[in-house]
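So the structure is just underneath, and the comments pick up after that.
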Amino acid sequence: MSTQIATRGQAERALTQQIQALYRDQLGHRPGKITCQLFDEKLAIVIEDSVTQPEQLLAEDGNIELAEQVREDLDSAIRPHLKSLIETVLQVNVLDLLSDATLETGRTGMIVVLEEPPPVRPSTSRKAAKKGGQNDPKFSEKEE
Amino acid sequence: MTGARYQQLELSLAEQIQAFYAAQLERQPRQVTCRVFANKLVIFLEDGLTYPEQLLLTAGRVELVQQIRAGLSAILQPKLQSLIEQISKVGVAEVLMTTQLETGLVSISAILAQSLEQVEPP
């Protein structure tokens, strides 16, 4: 049996979990809430508390320029990992990955442009299928 | 100060500096060793480089990591000084922190304002 296509919600949750794991493995940092939102052939990601402790210390100490340089370099270092993670989960190519972080709030935002809309089902389809789809066979038999 | 009290002090310093380092930098050093002499002490933290620094080193950004280390050392030195003073109950004249980027070994040395031998037990 072929693998069932994930719903949009499932794909977004898988992305969230894997991005969390990527941050932990690559940066030794546990970020706050991660939000992933798929729309058409685009993906928006917001990561709260994304700034690592060394960057925070440097920024708090007024060493903003260095902290920003570190953020920029860390961004480019994890970008290929992030790109292949998204491509694996969504099974479409990533054309562009734009990201920016604010040191003051610790928030990172990303816009990912995909080659085509990923093969996901709308999140509501499962509920709809359950409601209207299968009848209880026993019940049907009795009726007949 | 007796040999047993030196040992006790070394243990307390190693434990508390390891916890301090982990809390400040999100990095738990693998092993921490402390040696106390009459008027100075040295602490070695193995695997002290943070994940971001390691990632940047892998990307070949040695100079940037050197700048980060210099920045972090400047931030941590005064905090380490008061922590060592608090644990050893002796004034600290100077704290130096250096890191070997190739091995990740962090060494902290503190010059004490007075010799531990002159300090009376509490």
Side-chain angles (χ1 to χ4, degrees), chain A residues 17-34 47-86 97 99-108 110, chain B residues 16-32 45-83 95-108:
Chain A
Q17 285 163 3
Q18 294 198 31
I19 292 169
Q20 201 136 33
L22 177 75
Y23 262 69
R24 208 181 44 231
D25 297 343
Q26 295 289 319
L27 299 175
H29 179 69
R30 193 182 287 273
K33 191 179 176 212
I34 300 179
I47 308 171
E48 312 272 349
D49 289 330
S50 62
V51 176
T52 65
Q53 196 68 16
E55 292 167 273
Q56 278 180 48
L57 279 179
L58 293 170
E60 281 165 18
D61 195 47
N63 224 332
I64 307 285
E65 216 173 295
L66 180 58
E68 277 173 354
Q69 184 64 54
V70 172
R71 180 44 32 185
E72 207 182 301
D73 278 54
L74 287 178
D75 256 359
S76 12
I78 60 169
R79 188 177 294 250
H81 297 279
L82 208 53
K83 185 169 175 274
S84 74
L85 179 162
I86 294 167
L97 200 157
S99 73
D100 198 11
T102 315
L103 284 174
E104 297 88 60
T105 60
R107 201 173 278 128
T108 292
M110 289 180 208
Chain B
Q16 292 192 48
I17 285 172
Q18 184 170 31
F20 165 82
Y21 196 89
Q24 290 285 315
L25 297 180
E26 285 183 328
R27 175 72 194 170
Q28 182 82 43
R30 189 163 48 87
Q31 199 177 344
V32 180
L45 299 96
E46 288 173 43
D47 279 341
L49 278 182
T50 64
Y51 277 85
E53 290 169 299
Q54 287 178 41
L55 192 59
L56 293 172
L57 275 184
T58 312
R61 303 289 277 119
V62 179
E63 212 175 299
L64 183 61
V65 177
Q66 282 167 345
Q67 286 177 40
I68 298 172
R69 268 289 126 180
L72 292 178
S73 296
I75 295 165
L76 296 184
Q77 272 165 14
K79 295 182 182 185
L80 280 166
Q81 177 161 352
S82 45
L83 184 64
V95 171
L96 303 163
M97 180 172 148
T98 53
T99 308
Q100 192 70 33
L101 294 190
E102 294 79 16
T103 59
L105 180 73
V106 177
S107 61
I108 298 163

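All values below come from the heavy atoms of this structure, side chains included, with hydrogens, waters and symmetry mates left out. Per chain, numbering begins at 1; letters A, B, ... match sequence-line order.
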- Any B/Glu26 side-chain heavy atom under 4.5 Å of A/Gln56 side chain: no
- Message: What's the separation between atom CG in B/Leu64 and atom CG in A/Leu66, rounded to the nearest 0.5 Å?
- Response: 6.0 Å
- Distance (rounded to the nearest 0.5 Å) between B/Leu56 CG and A/Asp73 CG: 5.5 Å
- Note on the structure: The interface call for B/Ile68 against chain A, heavy-atom contacts under 4.5 Å, is both
- Message: Which one wins on heavy-atom pair count under 4.5 Å against chain B: A/Leu57, A/Asn63, A/Asp25?
- Response: A/Leu57
- Message: More than 12 heavy atoms of other residues, nucleotides or ligands under 6.0 Å from CD of A/Glu65: yes or no?
- Response: no
- Query: In terms of heavy-atom proximity below 4.5 Å to chain A, should B/Ala23 be classed as side chain, backbone, both, or neither?
  - Reply: backbone
- Message: For a 4.5 angstrom cut-off between non-hydrogen side-chain atoms, does B/Thr50 reach A/Gln53?
- Response: no
- Note on the structure: Interatomic distance, NE2@A/His81 vs CG@B/Leu55, rounded to 0.5 Å, equals 6.5 Å
- Tell me, for B/Glu53 versus chain A, whether the close heavy atoms (under 4.5 Å) come from the side chain, the backbone, both or neither. neither
- Looking only at non-hydrogen atoms, find the nearest pair between B/Leu72 and A/Leu58 and report the distance. N-CD2, 4.0 Å
- Query: Do other residues, nucleotides or ligands put more than 12 heavy atoms under 6.0 Å from the OH atom of B/Tyr51?
  - Reply: no
- Query: What pair of heavy atoms forms the shortest contact from B/Pro52 to A/Leu27, and how long is it?
  - Reply: CD-O, 3.6 Å
